[in-house]
Protein chains: 2
Amino acid sequence: MKGFPKIRDVAAAAGVSTATVSRALSAPDRVSADTRAIVLKAIEETGYRVNHAARNLRRRQAGGIVVLVPNLANPFFSQILSGITFAMATSGYNVLIADTRQAPNAEHRILDYLHNNRADGLIVLDANLPEDVLSAGDTPNHHPPIVFACEWLDTDPRPTVTIDNEEGAKLAIRHLADLGHTRIGHLMGPPDNILTITRAKGARAALAELGLAIRPDWFFDGDFSLASGAAAAHAWLALNDRPTAVFCASDAMACGFIGELHHKGVRVPDEVSVVGFDDIEIAAHFVPSLTTIAQPRALIGETAARKLLALITEGRENGSATGASDVLPVQLVARESSAPPR
Amino acid sequence: MKGFPKIRDVAAAAGVSTATVSRALSAPDRVSADTRAIVLKAIEETGYRVNHAARNLRRRQAGGIVVLVPNLANPFFSQILSGITFAMATSGYNVLIADTRQAPNAEHRILDYLHNNRADGLIVLDANLPEDVLSAGDTPNHHPPIVFACEWLDTDPRPTVTIDNEEGAKLAIRHLADLGHTRIGHLMGPPDNILTITRAKGARAALAELGLAIRPDWFFDGDFSLASGAAAAHAWLALNDRPTAVFCASDAMACGFIGELHHKGVRVPDEVSVVGFDDIEIAAHFVPSLTTIAQPRALIGETAARKLLALITEGRENGSATGASDVLPVQLVARESSAPPR
DNA sequence: TAGTTTCATGCAATCGATTACATCGCTGCA
DNA sequence: TGCAGCGATGTAATCGATTGCATGAAACTA
């Protein structure tokens, strides 16, 4: 960073002022085609690169967006991140990532991103942040625009990018009913999570529509993880009166559930059908391959990123940060793990 | 970002100069305990937050590190990223991520990170970058320090954080031999990849040590992905004379291999034993659960991050960027997918 | 007691790009 | 011919924190 050419050097090489060089880069149509060419050549020759810190300081911006991920180690998010970086690639904004559940002081550091000039915008994938963290954005111009993706807050009017979770759950239940199942259970995500609530609601609604039993002892607790799926397998085994099909609120849980049943000698789908949710990559290759509700994860990330960019630009131009919310479609993918009951 | 308090406001509130405020924050022992307390209180009251752009400009730094990931959508990397953000959390550096294989212009944008004042350091997880991209760092002070993690370049003396890939492959082969297998194949990663080369080398060495056959038709081509594992299953099925065990260079390939064999009615480990590499989370829950070589992914990320931080600091203090390289240990985890041959 | 260190603090230059405003030369119209 | 209008460019202030140097007071030394 020491001997790097600066805009002054380029200006000297091109025989123009620094203002012209700056304009040739950031507002090409404000300089004549001739000088622009000269400036670009000078940039080429000197090997000049803008200093982002200087630019950001002057423009009063941060130059990046932050993605708040509840748990980076969870592969569910990797494809969403991929969609985000894809959409951001040409924008000139950096993509920073932060794990909201990671010690030390996760909460404190998030606040730092929120109030701060560290990010021009946020994509929040974790709606279970401490209440006060997000409400810190009360005073509208004290924080950058926020887009929620995947998860959201019912009480919060900010724009979101989600999928139709309720419909997804209904598709799953109807699929099992179509196969002939009448005894259907549901393995849920973490309590309080909006996805858990919405998917469970959809499952209940579909069961009711179909006139099927909604039995509390067939609604198993989980937390979206593989391990909780395995734990649910034990709960299922412990029942006297078991459902013949289980709709799991995540593929990870479905895999954990099936894997553990397999250890106990219970075959899927012979003895119990399983439907997952997410369509993670392994679902198609699992044994048995997993029937699931596909959600377009990369597209979610991409959409959220574009929406955020729009908000950032809009916020700069006028003040009206409108927040239409996108709901992306889901799709049933039928595979081996679901079959008619014996 | 408009009406935010600046250091001047804090200085006024505390009745000191901006220099003192700055020092109270960045060099606490250069101000007296009393004034420090006063300044901190003033910061609290005004709600001041440093402007990173200004700080970075003045300090001639970028304030962040970049992680170059070959494919963000690949969950293998999520845990490494997690380790990196964990180690970086308290450092004050942002963690930026960039996908090196992502259109448009991946190559061009990487160069931007390399030469540029966008990052104070890089963690590179992709050693297959175009030759000239990395060699752009010839002139030592024209680029930030780089640490390679997982993958590395044989020709490059820069510091690396890796695992003992050769030993891992040997563990896998020996494990299969211990079970009684004498006909052992190997499903490889993408050609030219250093991990592919090293693991295949370890596998060959172990086979040789054990006096077992090294048959070219039992070395299958792959690319670490699930799909290539499934493709290898067809290659295996097509052989007249099949190995009774296959060591796969990634868990994803092992899962794809097993999943596809299962579709074709071939049971694992009954008809063929399989050992993977990585110990991704699903390995323990797969059907059958996967015997594999565990590598400490989060630790790799964490170690790389700390090493990079050390290089950044060192580079600022004196110029000698030494690059000891860490090799982290691997471990065999025996599960159901490997058993004695029939 | 005079001279020397040490410590805490203030002053003001500085990092490098952007941009409001001023300037200059043309064109076009009355 | 004269003046408004416009486009291209230059001048210089500005973004906000950091830090080299200077200052003054206190502590220490001989």
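Small disclaimer: the values here were computed from a predicted structure and weren't measured. Each chain gets a letter, A, B and so on, in the order its sequence line appears, and its residues count up from 1. The figures that follow rest on heavy atoms only: side chains count, while hydrogens, waters and symmetry mates do not.
In this structure, the nucleotide among dT19(D), dA17(C), dG16(D) sitting nearest to the side chain of Asn51(B) is dG16(D). Of all nucleotides listed (dA17(C), dT18(D), dG16(D)), dT18(D) comes nearest to the side chain of Ser26(B). Comparing atom distances between the Thr20(A) side chain and each of dG10(D), dT18(D), dG16(C) picks out dG10(D) as nearest.
Phosphate contact (OP1/OP2 of dG16(C), side-chain N/O of Tyr48(A), threshold under 4.0 Å): absent.
Counting only residues at least two apart or on different chains, the side chain to side chain donor-acceptor pair (under 3.5 Å) pairs with a member in residues 144-153 of chain B are Glu151(B)-Asn193(B), Trp152(B)-Asp154(B). Sorted by first and then second residue, the side chain to side chain donor-acceptor pair (under 3.5 Å) pairs involving residues 31-40 of chain B (not counting sequence neighbours) are Ser32(B)-Thr35(B).
At a non-hydrogen distance threshold of 4.0 Å, nothing from residues 28-44 of chain B comes into contact with DNA chain D.
Applying the side chain to side chain donor-acceptor pair (under 3.5 Å) rule to Thr162(B) yields no partners; only residues at least two apart in sequence or on another chain are considered.
The distance from atom CD1 of Ile7(A) to atom C1' of dA12(D) is 14 Å, rounded to the nearest whole Å.
Of the inter-residue distances, the one linking Asn56(B) atom CG with Asn94(B) atom CG reads 8.5 Å to the nearest 0.5 angstrom.
If you check every strand for non-hydrogen atoms under 4.0 Å, Val16(B) touches sugar and phosphate atoms only.
Between Asp99(B) and Arg101(B), no side-chain nitrogen of the basic residue sits less than 4.0 Å from a carboxylate oxygen of the acidic one, so the salt-bridge criterion is not met.
Looking at Val16(A) and Ile38(A), their side chains never come closer than 4.5 Å, going by heavy atoms from C-beta outward. Looking only at side-chain heavy atoms (C-beta outward), Val147(B) and Val161(B) come within less than 4.5 Å of each other. At a threshold of 4.5 Å between non-hydrogen side-chain atoms, the residues Lys6(A) and Asp9(A) count as touching.
From one end of the helix from dT1(C)-dA30(D) to dA30(C)-dT1(D) to the other, with five pairs defining each end axis, the axis direction shifts by 40° (rounded to 10°).
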Anything under 3.5 Å between a protein N or O and an N or O of nucleotides 11-14 of chain C, put it in a table, one pair a line.
unit_1	atom_1	unit_2	atom_2	d
dT14(C)	O2	Arg58(B)	NH1	2.7

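Using a 3.5 Å distance cut-off with no hydrogens or angles, the side chains of Thr100(A) and Asp126(A) do pair a donor with an acceptor.
Under a 3.5 Å cut-off, the side chain of Ser26(B) and the backbone N or O of Ser22(B) do form a donor-acceptor pair.
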